[in-house]
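A quick note: this is a predicted structure, and the numbers were derived from the prediction, not measured.
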Amino acid sequence: MNKSLTAIVALLVFLTASAYAGNPKPRKPGAGDKCAVCGMFVAKYTDFAAQLQFRDGTVMFFDGPKDLFTYYQGLARSSAGRKPGDVTAAFVTGFYTLTPIDGLKAFYVTGSNVNGPMGRELVPFATEAEAREFRKDHKGKAILRFRDITPAIVRELQ
């Protein structure tokens with residue numbers, strides 16, 4: 001390859017990687033994608049589907065936020081050399097919109113009377129106002145952010 005063609009290819013690779021890294025998009029689970037924690041087929045439970053995206057392009061799907069947090073919190077122990085810093089994006093399904101929202105910025109309601117595919121669940125919302133409304137209507141206990149959800153909180157949902 002000549003030098004100018006090599007430079008163009010390198011620039012295209014850099015721009016593609018930069019564009020992807022700067023603005024990750026949620027991916028839709030396929031029919032064969034299983035929850036990385038419980039093994040359920042995620043495409044059957046799109047109302048609660050969640051995902052983690054990694055620096056190497058890998059996407060791990062989950063049937064709900066509870067399993068996403070279970071996996072994320074155990075990452076250093078269980079996932080072939082991955083660590084929390086390798087996560088480039090987290091997406092969860094907004095309860096009212098049924099569309100993917102940024103899981104790192106979402107508001108999660110715990111202790112409500114709404115169950116996900118695996119029972120008690122962290123119910124996600126894009127806005128605090130939505131979370132407050134849901135909490136009131138569905139007897140939720142608390143509204144938490146991603147950083148506030150501890151392993152103890154996840155264990156209480158098991």
Side-chain angles (χ1 to χ4, degrees), residues 15-31 33-76 78-79 82-158:
L15 291 174
T16 302
S18 297
Y20 177 76
N23 191 19
K25 303 280 188 226
R27 303 212 193 139
K28 189 173 183 175
D33 288 319
K34 292 182 180 183
C35 175
V37 172
C38 71
M40 290 174 67
F41 287 102
V42 177
K44 293 181 179 183
Y45 304 100
T46 57
D47 290 359
F48 282 89
Q51 64 187 262
L52 289 174
Q53 296 181 7
F54 292 89
R55 191 177 319 278
D56 66 2
T58 302
V59 177
M60 302 303 288
F61 292 102
F62 308 92
D63 57 17
K66 176 176 59 179
D67 279 355
L68 179 149
F69 279 97
T70 298
Y71 184 86
Y72 178 77
Q73 291 169 350
L75 208 50
S78 65
S79 189
R82 287 200 176 107
K83 53 192 176 298
D86 295 333
V87 173
T88 57
F91 292 100
V92 294
T93 303
F95 184 77
Y96 288 137
T97 63
L98 297 180
T99 59
I101 60 175
D102 185 335
L104 301 175
K105 295 179 181 175
F107 296 85
Y108 297 88
V109 176
T110 64
S112 76
N113 60 9
V114 171
N115 287 332
M118 295 289 293
R120 296 187 300 165
E121 187 59 85
L122 294 157
V123 183
F125 300 90
T127 68
E128 188 173 7
E130 289 176 330
R132 279 195 307 263
E133 178 184 336
F134 176 87
R135 180 179 168 203
K136 185 178 89 176
D137 292 346
H138 294 278
K139 301 179 174 115
K141 290 182 181 174
I143 298 171
L144 303 170
R145 302 305 298 270
F146 190 93
R147 67 184 173 275
D148 302 322
I149 299 172
T150 65
I153 290 168
V154 175
R155 277 192 304 275
E156 287 176 12
L157 298 171
Q158 303 299 328

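- Considering CD of Q73 and CD1 of I153, their distance stands at 8.5 Å, rounded to 0.5 Å.
- With values rounded to the nearest 0.5 angstrom, Y72 atom OH is found 8.0 Å from L52 atom CG.
- For the side-chain contact (heavy atoms from CB on, under 4.5 Å) test, residues two or more places apart in sequence or in another chain that qualify with A152 are T150, R155.
- Shown here for A49 and T93, the closest heavy-atom pair between the two residues is O-OG1, 2.7 Å.
- A donor-acceptor contact shorter than 3.5 Å links the side chain of D86 to the backbone of K83.
- Sorted by first and then second residue, the side chain to side chain donor-acceptor pair (under 3.5 Å) pairs with a member in residues 96-105 read T97-T99; sequence neighbours excluded.
- Q53 contributes a side-chain N or O that, together with a main-chain N or O of K25, makes up a donor-acceptor pair within less than 3.5 Å.
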Please tabulate, one pair per line, all N/O donor-acceptor pairs under 3.5 Å involving side-chain atoms of residues 106-113, not counting sequence neighbours.
unit_1, atom_1, unit_2, atom_2, d
Y108, OH, G103, O, 2.7
S112, OG, V114, N, 3.2
N113, OD1, H138, ND1, 3.1

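- No donor-acceptor pair under 3.5 Å is formed between the side chain of R82 and the backbone N or O of V87.
- The side chain to side chain donor-acceptor pair (under 3.5 Å) test applied to T46 returns no partner, not counting sequence neighbours.
- For an aromatic pair to be called close, the ring centres must be under 6.0 Å apart, and F146 with F69 satisfies this.
- Note that NZ of K34 and NZ of K44 are 10.0 Å apart. Values are rounded to the nearest 0.5 Å.
- One finds the CD1 atom of I143 at 5.0 Å from the CZ atom of R135 (value rounded to the nearest 0.5 Å).
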Expected list for residues 117-127: side-chain donor-acceptor pairs under 3.5 angstrom, two or more places apart:
unit_1, atom_1, unit_2, atom_2, d
R120, NH1, E156, O, 3.4
R120, NH2, E156, O, 2.1
E121, OE2, K66, N, 2.6
T127, OG1, E130, N, 3.1

- Test F54 against L75 for side-chain contact (heavy atoms from CB on, under 4.5 Å), laying out the working first. CA-CA 12 Å; F54 292 89; L75 208 50; 4.0 Å; yes

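- Within the 3.5 Å criterion, the main-chain N or O of P29 finds no donor-acceptor partner in the side chain of Q51.
- In this structure, Y45 has no ring-ring contact (aromatic ring centres under 6.0 Å, His included) partners at least two apart in sequence or on a different chain.
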- Message: Checking V92 against F62 for the side-chain contact (heavy atoms from CB on, under 4.5 Å) test, could you report, in this order, the C-alpha distance in whole Å, the side-chain angles of both residues, the deciding distance, and whether it holds?
- Response: CA-CA 9 Å; V92 294; F62 308 92; over 6 Å; no

